[in-house]
Amino acid sequence: MATPSEPSESAEITRSAALSRFVYLLPVIGAPLGMGAAIFASFAIAGWHVTHSAIVQVEPQWVAGEPVAARVQVLNGAGQAVPEAQVEATLRRGEERASLGTLRDAAAVGMAQGRLTAPDWAPGPATLELAISGHEQFREVVEVELVASRALRRGTPTVSGSTKNYADDTESQPEKLRIVLRPLGRLAAGFENALVARVTDAEGKPRQGPVEVRLLDGEFGPHKSSADAPATVVRGETDAAGLVRVAGLLATDVVRFEVRALPGAQDMSVGSGAEGPAAKDVSEGAGPKGKVGPKGSASKDAGAKDAGASAEDIAREAKGPGAKDEDGSAAKDGAASVEPVAARKFRMVSFAGAVTVDAAPWTAGAGDTLTIKARGLRPKRAVFVDVRGPDGAWVDTLEPPVVGPEPPRTWSSAGLSPGLVQVEAYHFTNAPGESSALARVVLGPGPGQKPALSTLIGLQRERLGMPRVEKEFDAALEGKYLDALATVSLDAEAQQLTEAWLIGTLPVEIHGPPTALTTRGREDADMTALRRLWAGRVRLLLLGGGGLFLAVTTLLIVVSHRGAAERLAREMLGHGPEVAVEVRKAQRAVLWRALGLLASMAFGLVLTAAVLDKLFWQT
């Protein structure tokens, strides 16, 4: 018959065996599960990334009722533009709310842009709210300010930074005359370019007379030349302002010209007795290559000309073999060439841009319609064309941007005040800088009322001290020329070329689109903070939770081992001391193996944490 203690002892042994199995299975099952969860969470955190960002370009100051341009570039997580995005623009101030319209990406180039009109609100701060719809929908806000008027802002003076400018071998000014050659706008390789040569005396007074422009090196228009075989691009006569126009397609980055002032009526001072070298060349007859022929030879008809001879006839006498007139027709073979009164060689370098833009006419009335034509060397890349008002504010952008060859677009200057309007074109809207092309128009006081010539002269005077890429730019000479130009009587053709000269040769000042908000930095910072937060939580789970798990496991092992040792000691009672010693040795060996397992687990835990920190947690 069993004693009452037997069932309880058997049950105790069963519970002890179950506890022992649980204790020894706990690290085998629980540790991999915990570490797996930490590793999976680390992989998930590492996969988090920014999904969208935006670059907002808009004027910070708005004038009530006036136009203002805006552009929003929507980007995905990889920084690539999201095409066909739309942006709903709303202006808010307290309870006031004005819907400004929708900016669209009409050309599918990742730029939603357009022209907005500021509401008729009182001056003060306001918030521009942008509801952006791309591959995701999100909202951004930009703080703007409505003002009664904006202060005049000038662009950043910009000259070509090309290293090709460092080897400029443009000659110094000649002794008798002053000769300059400048592009109207920025010289751009791969496009049609217009240049104007100017000839004055040493005091800046315009010189009207025959002139010749030669291409010494490079490709310009139909001409291809080298230093050994120059080509005559233009042979004509400067107008009353001392100007002559040169136009053609520039096919090389670097081009060299020579401008030669040929003898005119004023150089043949027979009546006054002046007999300089140039006068002798004409009066005695000039042979081939500028050599003086003998008196009484077949060329004495040139010497027969008196001081009243027309400059056009003298220029015709000066044409050399195979030379072309200004209209491109070839001069008669055998025509004589004379030594120039003065000559100067120029080296010119294209600016580092792949776009060009033209605006016509050079002068117009405020409210008149202008013609704008932009184009790029790469036909599939969009050219963004922005318009700056007389106060320097960004008032409009051509929408859609120009893609490929397009006819000129018309643009209304309605709503603008009189002054200098600047059109800027570029492929890249984020800080285009030196790569910007530009064209300028000066508006008069009202529709159909062009500005006076004195207004254009004033624009030049304001900028005489600005940096130029032109070698040996003489601000004092320019001032004297402007003084003389104000008193010169000009016909319609000369007036038009003079306006082009005064506007087209203004120093380059680039505004660039004003960037009001760039969210990528903020998005990256927010994502970094989020990843750092969750990485810290996973680190706490792995190290803190793992440490707690090992501590609990160690405690359970010790308790289980102690209970098993007590039961075994009771069972072995009376079997002798030798058996007891062996039992204790076996118990210690089991305990040390358990502790070794826990130590290896702790090492693995620390090693796993170090690897995860190196691969995933460092944000």
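Along the sequence shown, residues carry numbers from 1.
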Exercise for review: May I ask you to check if R198 and Y481 form a cation-pi contact, with NZ or CZ under 6.0 angstrom from the six-membered ring centre and within 45° of the axis?
Suggested key: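 R198 over Y481 ring: yes.
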
Assess whether a salt bridge exists between [X] and [Y], defined as any Lys/Arg side-chain N lying under 4.0 Å from an Asp/Glu carboxylate O.
| X | Y | answer |
| --- | --- | --- |
| D169 | K471 | no |
| K345 | E258 | no |
| E66 | R115 | no |
| R256 | E171 | no |

Taking everything shown except [X] itself, do over 12 heavy atoms lie less than 6.0 Å from its [atom1]?
| X | atom1 | result |
| --- | --- | --- |
| E84 | CD | no |
| Q496 | CD | no |
| R154 | CZ | yes |

Practice item. Tell me, with the steps shown, if R344 and E175 meet salt bridge (charged side-chain N to carboxylate O under 4.0 Å, His left out). Key: CA-CA 10 Å; R344 189 183 183 197; E175 181 180 354; over 6 Å; no

Check your understanding: Given the rule in the salt bridge (charged side-chain N to carboxylate O under 4.0 Å, His left out) test, do D386 and R71 qualify, once you have shown the distances and angles that lead to the verdict?
Key -> CA-CA 10 Å; D386 296 339; R71 177 183 294 125; 2.7 Å; yes

Review point. How would you list all residue pairs meeting salt bridge (Lys or Arg N to Asp or Glu O under 4.0 Å) that involve residues 351-373, not counting sequence neighbours?
Key: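 Counting only pairs at least two positions apart or across chains, the salt bridge (Lys or Arg N to Asp or Glu O under 4.0 Å) contacts touching residues 351-373 are D358-R375.
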
Check your understanding: Of all heavy-atom pairs between A261 and R207, which one has the smallest distance, and what is that distance?
Key ->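 Looks like CB-NH1, 4.1 Å.
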
Review point. Of the non-hydrogen atoms in A364 and P451, which two are nearest, and what is the gap between them?
Key: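 Answer, listing the atom of A364 first, then P451: O-CD, 3.6 Å.
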
**Study point:** Residues V341, L177; criterion side-chain contact (heavy atoms from CB on, under 4.5 Å); working and verdict
**Key:** CA-CA 8 Å; V341 177; L177 301 175; 4.1 Å; yes

**Study point:** Qualifying residue for side chain to side chain donor-acceptor pair (under 3.5 Å) with T505, from R468, R463, Q460
**Key:**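 Among the candidates, only Q460 passes.
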
Check your understanding: After noting the C-alpha distance and the side-chain angles of K205 and D483, does the key distance pass the salt bridge (charged side-chain N to carboxylate O under 4.0 Å, His left out) rule?
Key -> CA-CA 9 Å; K205 181 180 179 180; D483 292 338; over 6 Å; no

Check your understanding: F384 and F428: ring pair (Phe, Tyr, Trp, His ring centres under 6.0 Å), yes or no, with the steps?
Key -> CA-CA 8 Å; F384 298 91; F428 308 100; 9.2 Å; no

Check your understanding: Between the side chain of R178 and the main-chain N/O of P174, is any donor-acceptor distance below 3.5 Å?
Key ->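 Side chain of R178 to backbone of P174, a donor-acceptor pair under 3.5 Å: yes, one is there.
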
Check your understanding: Will you find, in the side chains of S172 and E472, an N or O donor that is under 3.5 Å from an N or O acceptor?
Key ->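 Yes, E472 and S172 have a side-chain donor paired with an acceptor closer than 3.5 Å.
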
Practice item. Please determine, by modelled atom types, if T363 and E499 share a side-chain donor-acceptor pair under 3.5 angstrom. Key: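 On atom types as modelled, these side chains qualify, holding a pair under 3.5 Å.
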
